[in-house]
Amino acid sequence: MRRRIVFLVLLGTFIGLAIWITGIGKLGIYSTFTGQDLLRETGVHLKYVGLGELIAIVVGVSLGVVVSRPWAQRTRLSTVVVGAAGMGQCIPSMALIALMAPILGFGLWAVVVALFVYGLLPILRNTYAGFRSIDPAIIEAAQGMGMSRGQIVRRIELPLARPVIMAGIRTSTVVNVGTAALAVLVGGAGLGRIILTGVLSRQPLITLQGAAPTAALAIVLDFLLDALEDRLTPKGLKVKKSQA
Amino acid sequence: MIRLEEVTKVYPDGTEAVRGVTLQVAKGEFCVLLGPSGCGKTTTLKMINRLIPLSSGRITVDGVDIYKVDPNDLRRGIGYAIQEIGLFPHMTVGENIATVPRLLRWPKERIRRRVEELLELVGLVPPEEFSKKYPAELSGGQRQRVGVARALGADPPILLMDEPFGAIDPITRERLQDEFLRIQAEIKKTIVFVTHDINEAVKLGDRIALMREGRLVQYATPAELLAHPKDGFVRDFVGADRTLKALRLLRVREVMEEKPPTVEASKPLAEARERLERLGVNFLPVVDREGRFLGWLNRTNLRPEGRVAEVMTPYSVLATPDTPLNEALSLMFESAVGNLAVVDGEGRLRGLLTFRRLHEVLRESYREEGQG
């Protein structure tokens with residue numbers, strides 16, 4: 001309940017700010033962006049985050065499954081892969097996006113690939129952790145009853161690891177909403193364009209006009225993914241222990 | 001039938017977990033693999049359903065080499081139960097039990113009926129209610145029952161059980177063991193059961209395979225193992241109280257004195273005194289006209305006049321012909337006279353258990369060893 005109040009207050013503040021600044025219209029020789037501009041840039045922003053996350057989820061979860069196999073742990077592949085994904089996150093986000101442009105050209109794909117690299121680690125790490133946290137006795141029971149490897153992953157491991165994986169996706173998404181604002185540096189659009197306009201014209205209100213919806217977007221996505229995480233948590237993991 | 005021939009497991013690092021174990025479990029037999037931790041009993045068990053690959057040797061089930069079948073097909077035909085932590089926490093009790101039937105693609109309706117049948121068998125009633133619960137909503141004992149039911153899911157002829165009652169409190173464990181014996185009497189599966197608890201092994205097993213450092217030390221019936229331990233290790237493992245443990249294997253009916261002399265409650269005390277003196281005993285069981293046991297007549301309570309009923313000591317403890325001897329012995333110590341009356345369902349006196357008789361029987365079964 002308290003969480004929900006905090007959520008609504010924050011969301012209301014950011015959306016209110018954006019609406020108020022949009023309503024001002026003229027700021028000296030500059031004019032603020034219109035409501036239409038805001039909606040369009042928010043849409044583009046969402047597209048960047050969505051595409052980047054989609055690839056990050058597919059790659060991150062698959063890699064997570066692979067590196068949590070016993071043979072991958074024996075051969076230390078897990079350590080190498082998780083370490084490599086960690087390095088991706090160590091590169092400053094701004095540098096990462098800037099480095100993508102010469103490779104992939106300016107525009108959409110440079111942004112999406114940078115967001116994918118940046119969002120991969122939390123998902124991969126959580127998938128790996130989620131699989132590793134499963135009691136080996138459960139896996140052994142499944143094996144002993146004649147489930148194939150694929151059946152064990154699909155019916156046992158993925159459902160049990162799902163809450164942890166979802167938490168990773170949530171972290172990754174929220175971080176990437178902020179990172180996507182840097183798309184403007186490599187010829188992209190999105191809410192970063194409004195923020196940069198404000199910076200270059202020395203109009204803090206215009207900067208805020210881009211920053212407030214970015215924050216609102218992060219808050220909304222965080223809330224929605226949290227709800228989804230709860231929905232996707234198997235019921236059997238949520239029930240209270242009985243004292244019978 | 002399960003046959004292990006010279007079964008050996010050597011790990012890549014050179015540890016020999018199991019060395020040349022040969023044993024045979026007949027159809028419908030309950031075999032217990034017993035031994036201290038690290039003796040190779042669990043490894044042996046897991047080699048039977050190929051969870052652990054053999055290094056050398058051969059295992060056959062009903063004459064078929066287990067390496068001639070697909071491992072998943074093999075496992076779907078062998079029930080497997082481990083401690084309660086092996087339940088799938090995200091599945092309901094019903095879904096857990098339905099695991100193997102679902103793998104075998106049974107029709108839905110048949111699975112539902114089977115789940116209910118099994119829940120009833122393991123005493124989780126009403127089945128409709130328990131079927132929908134999650135493992136986290138059950139007590140440890142209930143979860144273990146689910147584990148047993150799940151192993152029985154597709155009605156496999158063989159059950160492998162790896163310390164299934166290990167994590168349960170002693171009282172619940174005893175009850176689960178009793179229930180499981182009752183179930184086994186009904187379903188007559190071929191069972192291989194791993195435990196490190198000698199009492200559990202003696203109670204459950206038709207045969208006990210005692211292992212040490214990967215080797216099979218002695219493979220014998222519980223009575224044989226207790227009466228004639230093969231060497232010092234077995235003797236130590238079964239414990240200095242092995243005679244007392246053996247008592248559990250006997251029932252009162254096998255040891256009691258049948259048709260003991262009695263005295264009727266309505267008889268005059270003078271007649272009772274005469275009977276006591278003639279028999280040369282200090283106590284006599286008192287019965288009513290229908291032969292129902294009422295209590296004890298103690299020689300020291302005799303009076304010159306009156307009837308037996310007036311001076312008799314009412315009984316405090318009783319046994320039935322099916323009471324295990326270890327419980328009976330404990331009751332004898334509680335009994336006022338040191339003897340134990342054995343009655344049937346209607347309360348009629350069936351026999352008498354005395355310390356002298358108990359001593360005779362035990363001395364007989366342990367005599368051979370005493371001479372050796």
Side-chain angles (χ1 to χ4, degrees), chain A residues 61 64-65 68-76 126-127 129-167 228-244, chain B residues 12 42 45-46 48-52 69-93 95-104 130 132-143 147 150-151 153-154 156 159-164 167:
Chain A
V61 174
V65 171
S68 59
R69 299 302 88 196
W71 59 264
Q73 286 175 42
R74 267 199 309 275
T75 54
R76 303 233 153 224
N126 276 37
T127 305
F131 272 67
R132 287 252 315 225
S133 69
I134 299 169
D135 191 324
I138 293 174
I139 308 295
E140 199 198 273
Q143 230 180 339
M145 285 189 291
M147 279 197 194
S148 67
R149 284 167 198 274
Q151 282 166 333
I152 293 175
V153 171
R154 283 195 311 277
R155 296 194 194 173
I156 310 293
E157 292 181 288
L158 270 177
L160 287 176
R162 208 157 51 201
V164 188
I165 297 174
M166 281 305 299
L228 188 65
E229 182 182 322
D230 193 58
R231 279 281 298 276
L232 289 178
T233 302
K235 237 177 95 192
L237 301 184
K238 286 192 279 191
V239 293
K240 288 254 155 59
K241 289 240 176 202
S242 79
Q243 37 280 61
Chain B
T42 296
L45 182 89
K46 287 181 182 171
I48 299 174
N49 66 358
R50 291 181 58 181
L51 280 178
I52 296 178
V69 240
D70 175 79
N72 289 333
D73 288 341
L74 174 82
R75 291 171 190 155
R76 287 170 196 180
I78 299 178
Y80 185 52
I82 56 176
Q83 286 183 12
E84 38 132 350
I85 46 172
L87 293 184
F88 305 139
H90 61 301
M91 295 187 187
T92 62
V93 166
E95 288 165 344
N96 264 288
I97 297 175
T99 304
V100 181
R102 275 182 57 196
L103 290 172
L104 296 172
F130 276 100
K132 291 192 200 82
K133 289 198 174 190
Y134 285 96
E137 295 173 285
L138 304 180
S139 69
Q142 289 171 330
R143 277 200 290 272
R150 187 173 71 170
L159 281 185
L160 303 181
M161 311 182 84
D162 191 359
E163 306 218 23

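Below, chain A is the first sequence line, B the second, and so on; all start at residue 1.
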Are there residues of residues 146-154 of chain A that reach to under 4.5 Å of chain B by heavy atoms, and which ones? A:Gly146, A:Met147, A:Ser148, A:Gln151

Partner chain B: residue of A:Pro234, A:Ala142, A:Gly144 with the largest heavy-atom pair count (under 4.5 Å):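 The residue among A:Pro234, A:Ala142, A:Gly144 with the greatest pair count is A:Gly144.
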
Looking only at heavy atoms and a cut-off of under 4.5 Å, which of A:Ile156, A:Leu237, A:Ile139 has the most pairs with chain B?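 Between A:Ile156, A:Leu237, A:Ile139, the count favours A:Ile156.
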
Is there a side-chain contact between B:Leu45 and B:Tyr80, using heavy atoms and a 4.5 Å cut-off?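 A side-chain contact exists here, since the closest heavy-atom pair is under 4.5 Å.
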
Min side-chain heavy-atom separation A:Thr233-A:Met166 under 4.5 Å: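 The answer is no, as the side chains (C-beta and beyond) never meet within the 4.5 Å cut-off.
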
Any carboxylate oxygen within less than 4.0 angstrom of a Lys/Arg side-chain nitrogen, looking at B:Glu137 and B:Lys132? no

Any cation-pi pair here, B:Arg150 with B:Phe88, using under 6.0 Å and within 45°? yes

Would you name the heavy atoms of B:Ala81 and B:Gly147 that are closest together and state the gap between them? CB-O, 4.1 Å

Shortest non-hydrogen separation from B:Ala136 to B:Arg143 and the atoms involved: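 Scanning both residues, the minimum pair turns out to be CA-NH1, 4.2 Å.
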
Checking heavy atoms, do the side chain of B:Pro135, its backbone, both or neither come under 4.5 Å from chain A?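 When you check distances to chain A, no heavy atom of B:Pro135 falls under 4.5 Å.
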
Salt bridge (Lys or Arg N to Asp or Glu O under 4.0 Å) contacts in which one or both residues fall within residues 129-141 of chain A, not counting sequence neighbours: A:Glu140-B:Lys46

